[in-house]
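First listed ligand is number 1; within each ligand, the first listed atom is number 1.
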Amino acid sequence: MSTPSKLYEGKAKIVYATENLQEYLTYFKDDATAFNALKKGTIMGKGEINCTISSALLNYLGSKGIKTHFLAQKSEREMLVKAVQIIPLEVVVRNIAAGSLCKQTTLLEGQKLPFPLVEFYLKNDDLGDPLLTVDRLNIMNIATVEQINQLKDNALKINQYLIEFFGSCDITLVDFKLEFGLDFEGNLLLADEISPDTCRLWDNLEQDIEKRVLDKDRFRRDLGKVESAYQQVQKRVLTQIEKLKNT
Ligand code: 5GP
């Protein structure tokens, strides 16, 4: 078999072409970065965990009618996906104030938001992924007004499904980042991954504000026990998926 050709290497994943023009193979790495790659490290086993969690969650969202790029988990670290052209936006949904929202506003960490906040950030490392306004989005021609509305509607629906799903795992979904892409026919698909790298997840069974963190903030904030937090999320997600299969 010929060596697969690498199309793109990001901070956490590598995307390969396949024999089928309409499908890509994504490989999940253990590399971890934070603060626009100023902080670099390795989270042992992260690739396998994130590939497995993402596959389970994308498949679950698919079963709820959300259009995603997920086709199959091919191995512990490999996911077969529909080929899409990624829209260079990070669509962030927040239910509870944390992270950059607290740095940039007077909201305090842990404050429940009165409604889910959907934000668009430009996916551009050189500019530090700046927060965009709808008018800036329009002027930059990144997405049409219709696509922006579609992105927001999708993000809110996904939020509701994920809040419910993680809730049944005794996990609070604080916030998360989504990426979307357009397939060959121009359909908008949820792409990328949904994992402890891209979500803030707090353990409902733990009161301590540091111990409850089950996501990449453990790496960002040097809280330790990063691997075991990721393993805990994987265990609870897979247990819940199994439960759903049997109901
Ligand atoms: P914040 O804007 O507070 O830093 O991030 C909000 C949410 O989006 C968090 O769950 C965070 O993990 C996710 N997020 C934002 N930007 C990125 C990014 O560039 N990479 C990853 N993996 N997650 C991000």
Please state which option from [options] has its nearest heavy atom closest to [atom].
atom                    : options                        : answer
atom 9 (C) of ligand 1  : Asp175, Asn36, Asn50, Val174   : Asp175
atom 1 (P) of ligand 1  : Ser195, Gly10, Ser100          : Ser100
atom 19 (O) of ligand 1 : Arg94, Lys123, Glu90, Lys103   : Glu90
atom 23 (N) of ligand 1 : Leu201, Asp197, Asp217, Val91  : Asp197
atom 6 (C) of ligand 1  : Glu119, Lys177, Arg220, Arg200 : Arg200

Ligand 1 versus Cys199: contacting region, heavy-atom distance under 4.0 Å: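 For Cys199, only backbone atoms sit under 4.0 Å from ligand 1.
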Over 12 non-hydrogen atoms of neighbours within 6.0 angstrom of CD in Gln104: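 Enclosed: over 12 neighbouring heavy atoms sit under 6.0 Å from CD of Gln104.
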Ion pair check, Asp217 and Arg200, cut-off under 4.0 Å: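 Looking at Asp217 and Arg200, the cut-off is met.
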Contact atoms of ligand 1, heavy-atom distance to Gly99 under 4.0 Å: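 Ligand 1 atoms under the 4.0 Å threshold to Gly99: 3 (O).
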Heavy atom of Lys11, distance to ligand 1 below 4.0 Å: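 The answer is no: ligand 1 sits nowhere under 4.0 Å from a heavy atom of Lys11.
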For Asp197, the option from Lys46, Lys216, Lys11, Lys13 that meets side-chain hydrogen bond (donor to acceptor under 3.5 Å, both in side chains):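 So, applying the side-chain hydrogen bond (donor to acceptor under 3.5 Å, both in side chains) to Asp197 and each of Lys46, Lys216, Lys11, Lys13, only Lys46 qualifies.
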Side chain to side chain, Asp175 and Leu101, heavy atoms closer than 4.5 Å: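 No - every pair of side-chain heavy atoms lies 4.5 Å or more apart.
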